[in-house]
Q: 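Okay, handing you the structure first.
Please read all numbers here as calculations on a predicted model, not as lab measurements. In what follows, chains are A, B, ... by sequence order, proteins preceding strands, each numbered from 1.
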There are 2 protein chains.
Amino acid sequence: MPLKIGDLAKATGTQVVTIRYYEKEGLLRQPERTGSGYRLYSEDDVERLHFIRRCRQHGMNLAEIRDLLAFRDSPAPSCAWISELVEKHIANVQAQIDSLLTLKAHLEALRGTCSGDHGRGCGIIDSLGHGSSCPCCEGLHCRLERRQGER
Amino acid sequence: MPLKIGDLAKATGTQVVTIRYYEKEGLLRQPERTGSGYRLYSEDDVERLHFIRRCRQHGMNLAEIRDLLAFRDSPAPSCAWISELVEKHIANVQAQIDSLLTLKAHLEALRGTCSGDHGRGCGIIDSLGHGSSCPCCEGLHCRLERRQGER
DNA sequence: GCTACTCCCTATAGCGGCTATAGGGTCAAG
DNA sequence: CTTGACCCTATAGCCGCTATAGGGAGTAGC
């Protein structure tokens, strides 16, 4: 009992359009069709699409997934590149985490400069002197202060 | 001594095309032009572009930056929304960090399943039983193992 | 049979934030 | 007077979808 595209979509938590997109991109093979042109999928396709979705959740792009699928379809003697791929992703993810932690610190410094107390104009302006504690945010506050002063 | 677009690019570490893009998107105002149509910028434009780039580094999108620029140009009585914006971004960034930490743990579990030792086929396959320690990665390894066994 | 409804099809355009390409004009130095 | 670095506009492409338009297929109830 083959699945129609909507069934495959439900089974994998994927949007119908996304399935067609993966097919166009060569991640899913051309499925059989009914006489009226409806796509028909098997359990293998469910597995394959699950695999793809898991890879996507791991931050892999479609080209990488294509390579992994090719290996899955017919394993080559060497899979060293798979380890390298995973290694590369770990480094990549770590770099993103580091960058986001820095960003968060900056944003928290920014937040600290606006108390939300609007007794005299904007809290950001009130609470921030020219020498901001967060150099990367100076532009905003100094300008705000200057402008506010002009009114 | 006004700056040409290349000078502005260098002064702010921005690509020339990106500057023109920001202009088209209404983040930078239409600059003066020379007789031959070259854009001419002032120090104010340098500041403005620096501001934009800093916001981008803070993960803000162009629409948000447009709003901040509008405020910068003519501050409104209330700036509560600015705090809210920053707050929203902090939450957003934290969510991204959390998600990436989970992802990293998964990838490290994946890595652990391939020793790089290819004594008998793929290390991933050798080292991984059916009951993977990382449920989200099972698909890959079980399939790999099964396929390998078929050869 | 007819209608209503849900599903399916293809083709194309849009999103954000750039980046690249094509095809040309400007300007200063040698 | 040519070379080379810069500038211009307009348009298309990147990724991974998502949305829209305009239609056909299949099923249930009347």
Side-chain angles (χ1 to χ4, degrees), chain A residues 1-28 30-41 45 48-69 88-89 92 96 99 103, chain B residues 1-28 30-41 45 48-69 85 88-89 92-93 96 99 103:
Chain A
M1 36 161 201
L3 307 158
K4 279 190 286 178
I5 197 168
D7 304 322
L8 178 60
K10 260 176 219 135
T12 58
T14 313
Q15 295 239 44
V16 166
V17 277
T18 303
I19 294 175
R20 288 197 278 250
Y21 174 71
Y22 287 163
E23 182 186 322
K24 205 181 59 163
E25 292 298 307
L27 300 185
L28 295 173
Q30 306 274 358
E32 287 185 71
R33 300 277 189 143
T34 66
S36 56
Y38 286 21
R39 288 169 177 81
L40 293 180
Y41 296 98
D45 293 311
R48 191 180 185 86
L49 184 48
H50 261 137
F51 179 90
I52 294 169
R53 298 304 285 172
R54 256 180 250 116
C55 289
R56 288 291 299 130
Q57 283 165 17
H58 282 146
M60 299 183 189
N61 63 33
L62 299 196
E64 289 164 339
I65 297 174
R66 232 185 320 257
D67 290 346
L68 289 172
L69 284 169
K88 204 187 76 188
H89 270 281
N92 194 340
Q96 283 181 62
S99 157
L103 171 52
Chain B
M1 34 156 203
L3 306 159
K4 279 188 286 177
I5 197 169
D7 304 323
L8 178 60
K10 260 176 221 137
T12 59
T14 313
Q15 297 238 43
V16 166
V17 278
T18 303
I19 294 174
R20 287 198 278 248
Y21 173 70
Y22 288 162
E23 181 185 323
K24 203 181 59 163
E25 291 300 306
L27 299 185
L28 294 173
Q30 308 272 0
E32 288 186 69
R33 302 273 188 146
T34 66
S36 55
Y38 286 21
R39 289 168 176 82
L40 292 180
Y41 296 99
D45 293 311
R48 191 178 185 88
L49 184 48
H50 262 136
F51 179 89
I52 293 170
R53 298 304 285 173
R54 256 179 251 116
C55 289
R56 288 291 299 132
Q57 284 163 16
H58 282 148
M60 297 180 189
N61 63 34
L62 298 195
E64 289 165 338
I65 296 173
R66 235 186 316 259
D67 290 346
L68 288 172
L69 284 168
L85 179 62
K88 205 187 75 188
H89 270 280
N92 195 339
V93 166
Q96 284 182 61
S99 159
L103 172 51

Q: Using atom CG of B/Leu8 as one end and atom C1' of D/dC8 as the other, report the distance to the nearest whole Å.
A: 16 Å
Q: Using atom CG of A/Leu40 as one end and atom P of C/dC8 as the other, report the distance to the nearest whole Å.
A: 11 Å
Q: Please tell me if B/Arg39 has a side-chain N or O lying less than 4.0 Å from either OP1 or OP2 of D/dC7.
A: no
Q: Could you tell me the separation between the OH atom of A/Tyr21 and the P atom of C/dT10, rounded to a whole number of Å?
A: 17 Å
Q: Does B/Asp67 reach the main-chain N or O of B/Glu64 with its side chain, forming a donor-acceptor pair under 3.5 Å?
A: no
Q: With respect to the phosphate group of D/dT18, does any side-chain polar atom (N or O) of A/Thr18 fall under 4.0 Å of OP1 or OP2?
A: yes
Q: Taking for each residue the nucleotide of DNA chain C with the nearest heavy atom, is it B/Arg56 or B/Gly35 whose nucleotide lies nearer the 5' end?
A: B/Arg56
Q: Does B/Arg33 put a side-chain nitrogen or oxygen below 4.0 Å from OP1 or OP2 of C/dG25?
A: no
Q: Nearest whole angstrom, please: distance from the P of C/dC15 to the NZ of B/Lys24.
A: 11 Å
Q: With nearest nucleotide decided by heavy atoms, which residue, A/Leu62 or B/Tyr41, maps closer to the 5′ end of DNA chain D?
A: B/Tyr41
Q: Is it the case that the side chain of B/Arg39 and the backbone of B/Arg20 share a donor-acceptor pair, with hydrogens and angles ignored and the cut-off at 3.5 Å?
A: no
Q: Heavy-atom nearest nucleotide on DNA chain C for B/Thr34 versus B/Met60: which residue maps closer to 5'?
A: B/Met60
Q: Looking at B/Glu32, I want to see if its CD is surrounded by more than 12 non-hydrogen atoms of other residues, nucleotides or ligands under 6.0 Å.
A: no
Q: Working to the nearest 0.5 Å, report the span between CG of B/Leu85 and CG of B/Leu68.
A: 5.5 Å
Q: Output yes when at least one side-chain N/O atom of B/Arg20 is less than 4.0 Å from OP1 or OP2 of C/dC18, else no.
A: no
Q: Mind running side-chain contact (heavy atoms from CB on, under 4.5 Å) on A/Leu40 and A/Arg33 for me, showing each step along the way?
A: CA-CA 6 Å; A/Leu40 293 180; A/Arg33 300 277 189 143; over 6 Å; no
Q: Can a side chain N or O of A/Gln15 be found less than 4.0 Å away from OP1 or OP2 on D/dT18?
A: yes
Q: How many whole angstroms separate atom NZ of A/Lys4 from atom P of C/dT6?
A: 14 Å
Q: Tell me whether the side-chain N/O atoms of A/Ser36 come closer than 4.0 Å to OP1 or OP2 in D/dG26.
A: yes
Q: Let me know the distance between CG of B/Leu27 and P of C/dG17, rounded to the nearest Å.
A: 9 Å
Q: Rounded to the nearest Å, what distance is computed from the CD1 atom of residue A/Ile5 to the C1' atom of nucleotide C/dC8?
A: 8 Å
Q: Expressed as a whole number of angstroms, how long is the span from B/Glu32:CD to D/dC7:C1'?
A: 17 Å
Q: Under 3.5 Å, is there any donor-acceptor pair linking the side chain of B/Tyr38 to the base of C/dG25?
A: yes
